[in-house]
Amino acid sequence: MSRSLWTFGLAVGAVALTCLPAAAQTKVTNEGISGSEIVIGTHQDLSGPIKVWGVPVSNGMKMAVEEINAAGGISGRKIKMILEDNGYDPKKAVLATQKMVERDKIFAMIGPMGSPTVLAAQDTLFDAGVLQLFPLTAAEFTFKFDPAKPQERLKFNNLLPYVESTRAALKYMMEWKSFKKPCIMHQDDEYGKNVLDGFNQQLTAMKVQPASVTSYKRGASDFSAQVAKMKSDGCDLVVLGTVIRETIGAMTEAKKLGWDVTFLGATPTNVLEVPTLGKDAVEGLYAASGFEIPYEDTAKGKVHDWLVNYKKMFNTDANTQAIIGYNAVMTFAFYAQKAGKDLTGQKVLDSLESGEKFLDIFNSPPTKFSKTDHLANTITQVQQVKGGRWVLVKDNLMF
C-alpha cells in the first residue's frame with residue numbers, strides 16, 4: 001500500500017469518526033497535570049528477554065526528563081516519570097498500567113515497551129482517557145483507527161512500522177540481488193506476525209512464492225530446527241522477524257552448518273548489540289531501519305555532545321534504544337509545550353493532531369501527525385553490518 005492510499009484509508013476512518021454522536025467523542029484525562037508537575041508513565045522490560053532494549057530506553061527517557069526539567073520544564077511544569085518493569089510479560093504490563101492509572105494518576109503513557117505487552121495494556125489506558133504515545137513497538141495496532149472506537153484517537157506512533165518497513169526493505173533486496181527463494185523466521189507473537197504480514201504482502205505484490213516460513217516461541221534460544229529447515233528448503237534470502245539474541249542465534253547456527261545465505265532483519269535487529277555481541281557471526285547482516293546509528297568517534301555537534309553526556313550519566317555507550325527512549329519524551333515535551341500554559345488533555349491531543357513538525361537532533365525523518373493519521377513515518381533505510389558497525393546501504397525506500 002502506498003503512503004497516499006494509507007492516508008486516504010485513515011481519512012475515511014476519520015470521517016466516520018466525526019459522524020459519531022457527541023456522546024461517543026474521545027475523552028482525554030486531565031489527571032497528572034498540576035500547576036507545577038506533569039506525571040507520565042512507562043513500562044519497560046528491565047528484567048526479561050529484551051531488557052537490552054528496556055534498560056537503555058528507560059535511560060534515554062530519564063536523560064530527556066532531566067534535560068527538560070533543568071531547562072524549566074514544560075511551561076513551568078516539571079516532568080515526573082513513573083517507571084515500571086513489565087518483564088516482557090503481558091500480565092505484568094497490565095498490572096503495571098493499572099497501577100500507574102489508578103494510583104499514580106499518570107497523564108500519559110510514553111514509550112511503553114513491546115508488542116504483546118502494549119497490546120495487552122492499551123485498553124486500560126483508553127478507558128481512562130490516558131494518551132498512549134510513541135510505544136516501543138511498530139505494530140499496526142498502535143496507530144490504526146477503528147472508527148467505532150473513538151478512544152483509539154489517543155494512540156500515536158513515531159516509529160517505522162514493521163509491515164511497511166519489512167515490505168520496503170524486502171522489495172529493495174529482491175530487486176537488487178535478484179533473489180528467487182526468500183523465506184522467513186519470525187517470533188510467534190504480535191511483533192513477528194507484523195513482520196510476517198509485510199513479508200507475505202510484498203511477495204504477493206511481486207508474485208513470488210516463499211520458499212519457507214518458520215517461527216519460534218518468544219524467549220526461545222535454540223534455532224537449530226528452524227535454520228536446518230530453511231537450508232533444506234533452499235532459501236537464498238532469510239528475513240528475520242527477530243530481536244537481538246534470536247538474530248545472533250539464527251546466524252550463528254547458519255555458520256555452524258556452513259550455510260552461506262543472506263539475512264535481512266526487521267527494524268528491531270538494527271541495534272548496536274547485534275554486531276557487538278554477534279561479532280563475526282552477524283557480519284554482512286542487512287536490516288531495515290529508520291535512522292542512521294551515530295558513533296561517538298564520527299558524530300559531530302549536538303549528537304556528539306549527547307553521546308558523551310549519556311556515557312557520563314550511565315557509564316555506558318548510548319545506542320539505538322537510548323535514542324528512541326530519549327526522543328519519545330522529547331517528542332511529548334514538544335507537543336505539550338505547543339499546547340500552551342493552560343494545559344489540558346484535550347489541548348495536548350489537539351497539539352498532537354495539529355500537523356506541527358518535531359525535528360530531533362539525530363537527523364531522523366520529521367515527526368508529524370494529523371487528525372487522520374497518527375503514524376509519523378514510513379520511509380525506510382537498509383543498513384548492513386560491515387567491520388562490526390552498521391553502515392547505510394540505501395535510504396528513502398518505499399514499497
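Numbering of residues begins at 1 and proceeds along the displayed sequence. Just so you know, these numbers come straight off a predicted model, no measurement behind them.
Looking at Ser364 and Asp360, their side chains do bring a donor and an acceptor atom within 3.5 Å of each other. A donor-acceptor pair shorter than 3.5 Å cannot be found between the side chains of Asp127 and Gln151. Checked by atom type, the side-chain pair Ser289/Gln383 shows a donor-acceptor distance below 3.5 Å. Using modelled atom types and a 3.5 Å distance limit, the side chains of Glu84 and Gln44 yield no donor-acceptor pair. Checked by atom type, the side-chain pair Thr242/Thr247 shows a donor-acceptor distance below 3.5 Å. Checked by atom type, the side-chain pair Thr142/Asn157 shows a donor-acceptor distance below 3.5 Å. A donor-acceptor contact closer than 3.5 angstrom is absent between the side chains of Ser215 and Asp188. With hydrogens and angles left out, the side-chain atoms of Tyr216 and Gln187 include a donor and acceptor closer than 3.5 Å.
Neither Leu160 nor Val271 shares a network with the other; the hydrophobic side chains, linked directly or stepwise wherever heavy atoms of I, L, V, M, F, W or Y lie under 4.5 Å apart, form separate groups for each. In the hydrophobic cluster analysis, where Ile, Leu, Val, Met, Phe, Trp and Tyr join through side-chain heavy atoms closer than 4.5 angstrom, Met206 is grouped together with Leu196. Linking ILVMFWY residues whenever their side-chain heavy atoms come closer than 4.5 Å, directly or via other members, places Met81 and Ile74 in the same cluster. Hydrophobic clustering (side-chain heavy atoms under 4.5 Å, transitive across Ile, Leu, Val, Met, Phe, Trp, Tyr) keeps Tyr162 apart from Phe399. Tyr172 and Ile184 fall within the same hydrophobic cluster, where Ile, Leu, Val, Met, Phe, Trp and Tyr residues are linked whenever their side-chain heavy atoms come under 4.5 Å apart, directly or through other members.
Minimum interatomic distance between Thr137 and Ser115 (heavy atoms only, all atoms of both residues): OG1-OG, 2.6 Å. Annotation for Leu159 and Leu375: closest pair O-CD1, 3.7 Å, computed over non-hydrogen atoms. Of all heavy-atom pairs between Phe179 and Met173, the closest is CD1-O, 3.5 Å. Scanning both residues, Ala250 and Met185, for their nearest heavy atoms gives CB-CE, 3.7 Å. When all heavy atoms of Leu133 and Leu154 are compared, the pair lying nearest together is CD2-O, 4.3 Å. Considering every non-hydrogen atom in both Ala287 and Asn270, the closest pair reads CB-CB, 4.0 Å.
With contacts defined as side-chain heavy-atom distances shorter than 4.5 Å, the pair Met63/Phe314 qualifies. Contact check for Val238 versus Leu264: no side-chain heavy atoms found under the 4.5 Å cut-off. Residues Leu352 and Leu131 meet the side-chain proximity criterion, which asks for heavy atoms closer than 4.5 Å. Looking only at side-chain heavy atoms (C-beta outward), Glu164 and Thr380 stay at 4.5 Å or farther from each other. Using a 4.5 Å heavy-atom threshold, the side chains of Pro182 and Met174 count as touching. Residues Met100 and His43 form a side-chain contact, since some pair of their non-hydrogen atoms from C-beta on lies under 4.5 Å apart. With contacts defined as side-chain heavy-atom distances shorter than 4.5 Å, the pair Met109/Ile40 does not qualify. Side-chain contact between Val55 and Leu46 is present, with heavy atoms from C-beta onward closer than 4.5 Å.
Counting only distance, with no hydrogens or angles, the side chain of Asp373 and the backbone of Phe369 share no donor-acceptor pair below 3.5 Å. Looking only at distances, no side-chain donor or acceptor of Lys386 sits under 3.5 Å from a matching main-chain atom of Leu285. Although no hydrogens or angles enter the test, the distance criterion places no donor-acceptor pair under 3.5 Å between the side chain of Lys207 and the main chain of Thr204. At distances below 3.5 Å, at least one donor-acceptor pair connects side-chain atoms of Asn194 with backbone N or O atoms of Glu140. Between the side chain of Glu246 and the backbone N or O of Ala220, no donor-acceptor pair lies under 3.5 Å. Here the side chain of Asp104 pairs no donor or acceptor atom with the backbone of Ile106 at under 3.5 angstrom. One N or O on the side chain of Lys231 and one on the backbone of Leu257 form a donor-acceptor pair closer than 3.5 Å. Remark: the backbone N or O of Val52 is paired with a side-chain donor or acceptor of Gln321 at under 3.5 angstrom. The backbone N or O of Ile110 sits nowhere less than 3.5 Å from a side-chain atom of Gln132 that would complete a donor-acceptor pair. Checked by atom type and distance alone, the side chain of Ser354 pairs as donor or acceptor with a backbone atom of Ser351 at under 3.5 Å.
Applying the 6.0 Å contact sphere to CD of Gln209 captures no more than 12 heavy atoms from other residues, nucleotides or ligands. No more than 12 heavy-atom neighbours from other residues, nucleotides or ligands sit within 6.0 angstrom of NZ on Lys394. Counting heavy-atom neighbours within 6.0 Å of Glu66 CD, excluding the residue itself, gives a total of 12 or less. With a 6.0 Å radius and a threshold of 12 heavy atoms from other residues, nucleotides or ligands, Asp233 has its CG atom above the threshold. The number of heavy atoms from other shown groups lying within 6.0 Å of NZ (Lys229) is above 12. The local environment of CG in Asp260 is sparse, with at most 12 non-hydrogen atoms from other residues, nucleotides or ligands closer than 6.0 Å. Annotation for Lys80: atom NZ does not count as buried by contact number, only 12 or fewer foreign heavy atoms lying within 6.0 Å.
Ring planes of Trp259 and Phe263: perpendicular class, angle over 60° (limits at 30 and 60°). Ring pair Phe362/Tyr326 is perpendicular by interplanar angle, where above 60° counts as perpendicular and below 30° as parallel. Note on ring orientation: taking the six-membered ring where Trp is involved, the planes of His374 and Phe156 are parallel (angle under 30°, cut-offs 30° and 60°).
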**Request:** Could you check Arg77 against Glu37 for side chain to side chain contact (heavy atoms under 4.5 Å, CB included), going step by step and ending with a plain yes or no?
**Result:** CA-CA 5 Å; Arg77 296 177 175 90; Glu37 190 175 67; 5.7 Å; no

**Request:** Go through the steps for Asp317 and Leu272 under the test side chain to side chain contact (heavy atoms under 4.5 Å, CB included), then give the verdict.
**Result:** CA-CA 10 Å; Asp317 289 326; Leu272 290 174; 5.7 Å; no

**Request:** Check step by step if salt bridge (charged side-chain N to carboxylate O under 4.0 Å, His left out) holds for Glu353 and Arg153.
**Result:** CA-CA 10 Å; Glu353 294 184 334; Arg153 280 185 67 209; 2.4 Å; yes

**Request:** Mind running side chain to side chain contact (heavy atoms under 4.5 Å, CB included) on Ile324 and Phe134 for me, showing each step along the way?
**Result:** CA-CA 9 Å; Ile324 293 172; Phe134 327 131; over 6 Å; no

**Asked** When you look at Phe358 and Phe332, which way does the side chain to side chain contact (heavy atoms under 4.5 Å, CB included) test go after all the steps?
**Response** CA-CA 10 Å; Phe358 168 71; Phe332 166 73; over 6 Å; no

**side chain to side chain donor-acceptor pair (under 3.5 Å) between Asp45 and Asn86, intermediate numbers included** = CA-CA 5 Å; Asp45 182 2; Asn86 67 30; over 6 Å; no

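Using a cutoff of 4.0 Å between basic side-chain nitrogens and carboxylate oxygens, Lys144 and Glu152 are not scored as salt-bridged. Of the charged side-chain nitrogens involved, at least one lies within less than 4.0 Å of a carboxylate oxygen, so that Asp197 and Lys193 count as a salt-bridged pair.
With Phe199 as the aromatic partner, Arg167 does not meet the cation-pi criteria of under 6.0 angstrom to the ring centre and within 45 degrees of the ring axis. For the pair Arg389 and Tyr295, the cation-pi test (distance below 6.0 Å, angle within 45°) is passed.
Ile50 pairs in a side-chain contact (heavy atoms from CB on, under 4.5 Å) with only one of the listed residues (Val243, Val57, Thr117), which is Val243.
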